[in-house]
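Read the structure below first, then the notes.
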2 protein chains.
Amino acid sequence: MTRQKKAGPTPASPAKPTMRDVSRLAGVSTMTVSRVLADPSLVALDTRERVMRAVEQLGYVPDLVAGSLSSRRTNFVGLILPTLTNSNFADTAQGLAEALGASYQLLIGYTLYRGGEEERLVRSLLARRPQALVIAGTLHTASTRRMLLNADIPVVEIWDHPDAPLDKAVGFSNFEAGRAAARHLLSLGLRRLAAIGSEADGDVRDARGEARLQGFSAALREAGVEDGTILRHGAAPVSYGHGAAAMSLLLREWPDVEGVFAVSDSSAFGALMECRRRGVEVPGQVSIMGFGDFEVGRECEPAISTIRVDAKGIGARAGELLRALFEGAGAGANALDLGIEVVPRGTTALRVAGRQLET
Amino acid sequence: MTRQKKAGPTPASPAKPTMRDVSRLAGVSTMTVSRVLADPSLVALDTRERVMRAVEQLGYVPDLVAGSLSSRRTNFVGLILPTLTNSNFADTAQGLAEALGASYQLLIGYTLYRGGEEERLVRSLLARRPQALVIAGTLHTASTRRMLLNADIPVVEIWDHPDAPLDKAVGFSNFEAGRAAARHLLSLGLRRLAAIGSEADGDVRDARGEARLQGFSAALREAGVEDGTILRHGAAPVSYGHGAAAMSLLLREWPDVEGVFAVSDSSAFGALMECRRRGVEVPGQVSIMGFGDFEVGRECEPAISTIRVDAKGIGARAGELLRALFEGAGAGANALDLGIEVVPRGTTALRVAGRQLET
DNA sequence: CTGCGTTTTGTTATCGGTAACATAGTCAGG
DNA sequence: CCTGACTATGTTACCGATAACAAAACGCAG
């Protein structure tokens with residue numbers, strides 16, 4: 001039952017039917033078949049039915065490769081993300097796919113946080129002639145920028161809020177997110193504060209996580225708080241295990257830390273569990289703040305205070321923006337800031353148990 | 001700075017360069033350019049350099065749409081999954097992408113567990129003329145099966161272990177996974193057992209989760225244990241919140257349940273957190289068993305006992321299989337069973353605290 | 001210097017559709 | 001019964017690459 005790639009003298013399977021075959025069977029020209037499939041209202045009812053019967057009978061599936069070449073519309077949209085193994089980015093992808101609708105096909109590429117990978121991905125996606133490109137991040141090599149500008153298609157930078165977008169942008173300020181996290185911890189009266197993130201490792205770096213750390217630092221400086229630590233541990237992507245390891249290090253170095261901001265809810269969750277294993281009370285002894293509003297942080301106990309960003313919304317808005325552009329809509333704002341929201345939950349709850357009320 | 005789609009009388013941007021332009025600039029034929037890009041060793045060194053210079057100078061990016069049509073190789077591989085917002089499936093996608101390598105582009109489609117969606121997706125992916133299709137699940141409509149067989153490309157069914165694979169299969173038996181979960185709980189001496197999963201809701205159903213529930217039931221029957229409940233709650237996909245809600249219902253109906261199997265680690269985690277909120281001790285009062293070996297279950301406290309399946313491995317093996325087929329390798333096994341593994345962790349730890357030692 | 005196998009490059013004919021324009025029919029109004 | 005505005009369908013010419021075959025240039029033994 002194995003199919004052979006190259007059949008012998010007698011072709012094993014009849015060649016896949018083309019529009020030509022359909023047109024012959026229906027007794028019409030290929031253009032008529034094309035019309036029936038693209039816009040049936042252009043074709044008389046009985047002809048249309050004859051064509052559809054032929055399509056059915058042959059099991060004809062149109063060849064969009066040929067169609068795209070001819071019409072110069074591929075209906076592809078390229079999407080470049082650091083990784084899909086992160087619920088936030090997966091949400092963005094899903095949001096984008098849904099907003100674009102069934103007629104567009106997403107071409108997804110992963111950089112795995114490697115800077116050099118972006119250029120390769122852009123080149124390889126552009127070769128598929130997508131009608132737009134959506135890219136997480138705003139850091140591009142000169143040659144990447146050149147390719148993007150030359151491509152003459154809309155480019156949407158997401159998950160960030162660049163001062164000077166290449167073209168369009170949908171996201172938020174990661175710097176402000178880190179700043180807001182620090183302020184929230186400060187507002188609770190906490191002063192011995194730390195942040196945990198990842199370190200740059202050769203080509204691998206999480207620019208957005210780093211921006212959040214910078215924002216965190218800035219807020220401490222603004223508040224005149226000297227007592228802060230930024231712990232950069234391990235390489236991106238950070239996840240549960242990363243948070244646990246970092247928290248473990250942090251507690252060893254600085255046992256009386258009062259508040260911790262993790263650049264991602266995954267990390268925050270790992271940190272929380274590490275505290276639990278060590279008998280460190282949260283929020284009793286240490287308050288924890290995450291980022292991203294991942295489901296795990298909402299559902300765990302205590303629930304993790306976080307900075308909410310609308311991951312799915314970023315994809316959805318980018319998709320809507322593109323659809324508008326495809327339909328010829330004009331400019332509109334170039335950079336859309338979806339903002340952030342501080343979501344206080346259990347891990348930074350006010351400490352009413354006497355022992356911790358004074359600070 | 002907005003680019004216009006249709007330029008006015010004078011074209012705003014010079015038309016994107018084609019291979020023709022490169023060939024003229026380099027003073028060679030298009031075939032030579034094509035060769036330089038496809039297999040440089042076929043072209044003399046100085047010619048090659050001249051061509052490369054022209055490519056650089058024009059910023060030429062080859063058009064794979066045209067190339068695919070001509071060569072009849074798209075280097076696309078279609079992938080159909082219920083959702084990407086599930087770390088297991090995201091892992092599978094990543095494993096597949098990595099195994100296929102940079103020269104193949106994945107075309108991902110989501111069914112969101114809707115049965116009818118599969119047919120639409122298969123049709124729309126086949127229209128892109130992929131060189132192979134990878135599909136989660138083994139349930140297909142008659143017309144889907146026909147399209148798949150007609151397509152004359154390898155088809156790999158994953159995440160299951162069908163008796164009669166359509167073509168190739170890489171996965172494991174979900175029935176056995178449920179069975180193993182029940183047996184593990186039974187081996188701890190527990191008898192009042194329950195399983196939580198999702199219910200079919202119109203077109204939306206999780207066939208693999210259901211198979212695990214069936215396996216669970218079967219094991220109880222085999223062991224002669226009457227005291228079992230299968231709770232089907234909510235619609236797929238199940239997640240943290242689902243587990244919490246189901247556990248809540250379960251505890252209300254059956255307060256003295258001793259062991260719970262959740263069809264997914266996400267659910268199991270939600271159930272665990274719900275127990276924590278209610279002061280129900282795990283594993284003291286209730287043991288919990290999940291499925292999938294998600295990172296959240298490994299890192300939480302207590303860690304969740306689970307049935308491990310190698311999600312990334314499924315993608316990787318499917319990718320390797322396809323690469324072998326593309327390179328003309330022959331048959332090989334049609335169905336690959338990657339098996340399952342019971343991973344006992346904290347949520348089913350032996351209960352040494354006197355009060356629970358007898359059962 | 002000739003001949004023959006290699007190496008290097010070019011020519012021609014598609015691949016399977018769609019855009020743009022051309023051409024029959026159809027029908028209402030005069 | 002003719003004309004003009006539609007409606008329905010067909011013809012022709014690509015879209016931008018590559019496969020397959022052809023031919024020219026080169027190198028070296030004899």
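Convention: sequence-line order gives letters A, B, ...; per-chain numbering from 1.
Atom P of nucleotide C:dT11 and atom CE of B:Met19 are separated by 16 Å, given to the nearest angstrom. The nearest whole Å value for the distance from the CE atom in A:Met31 to the C1' atom in C:dG17 is 9 Å. Between A:Asp63 atom CG and D:dG16 atom C1' there is a gap of 15 Å when expressed in whole angstrom units. One interatomic measurement links the two molecules: CG of B:Leu58 to C1' of D:dG16, which rounds to 15 Å at whole-angstrom precision. When rounded to the nearest whole Å, the span between CG of B:Asp46 and P of D:dA25 equals 15 Å. Separating the CZ atom of B:Arg20 from the P atom of D:dA17 is a distance of 11 Å, rounded to the nearest angstrom. Nucleotide D:dT9 holds its P atom 10 Å from the CG atom of A:Leu45, rounded to whole Å. Atom CD in A:Glu49 sits roughly 16 Å away from atom C1' in D:dA8 (whole-Å rounding).
At the heavy-atom level, B:Val65 lies nowhere under 4.0 Å from the strands shown.
Between C:dA19, D:dT9, C:dG16, one nucleotide has an atom nearer to the side chain of A:Thr32 than all others, and that is D:dT9. Distances were taken from every side-chain heavy atom of B:Ser29 (C-beta onward) to each of C:dG10, C:dG17, D:dA19; the shortest belongs to C:dG10. Listed nucleotides: D:dG16, C:dT18, D:dA8. Nearest to the side chain of B:Thr18: D:dG16. Residue A:Ser70 has its side chain nearest to C:dG16 when only C:dG16, C:dT9, D:dT9 are considered.
For the pair A:Arg128 and B:Phe76, the cation-pi criterion (under 6.0 Å, within 45° of the ring axis) is fulfilled.
A salt bridge links A:Glu117 and A:Arg120; the closest N-O separation between the charged side-chain nitrogens and carboxylate oxygens is under 4.0 Å. Ion pairing of A:Glu49 with A:Arg53 is absent here, as no side-chain N (NZ or NE/NH1/NH2) approaches a carboxylate O to less than 4.0 Å. Between A:Lys16 and B:Asp152 there is no salt bridge, since no side-chain nitrogen of the basic residue lies less than 4.0 Å from a carboxylate oxygen of the acidic one.
Residues B:Leu69 and B:Leu42 both approach DNA chain C. Their nearest nucleotides, taken by heavy-atom distance, put B:Leu42 toward the 5′ side. In terms of position on DNA chain D, the residue among B:Arg35 and B:Tyr60 whose nearest nucleotide sits closer to the 5' end is B:Tyr60.
Atom CZ of B:Arg129 sits in a crowded spot, with more than 12 heavy atoms from other residues, nucleotides or ligands closer than 6.0 Å.
Remark: the A:Ser71 side chain and the C:dT18 base include no donor-acceptor N/O pair separated by less than 3.5 Å.
Under 4.0 angstrom from either OP1 or OP2 of C:dG16 there lies at least one side-chain N or O belonging to B:Arg72. Between D:dT9 and A:Thr47, a contact under 4.0 Å exists linking OP1 or OP2 to a side-chain N or O.
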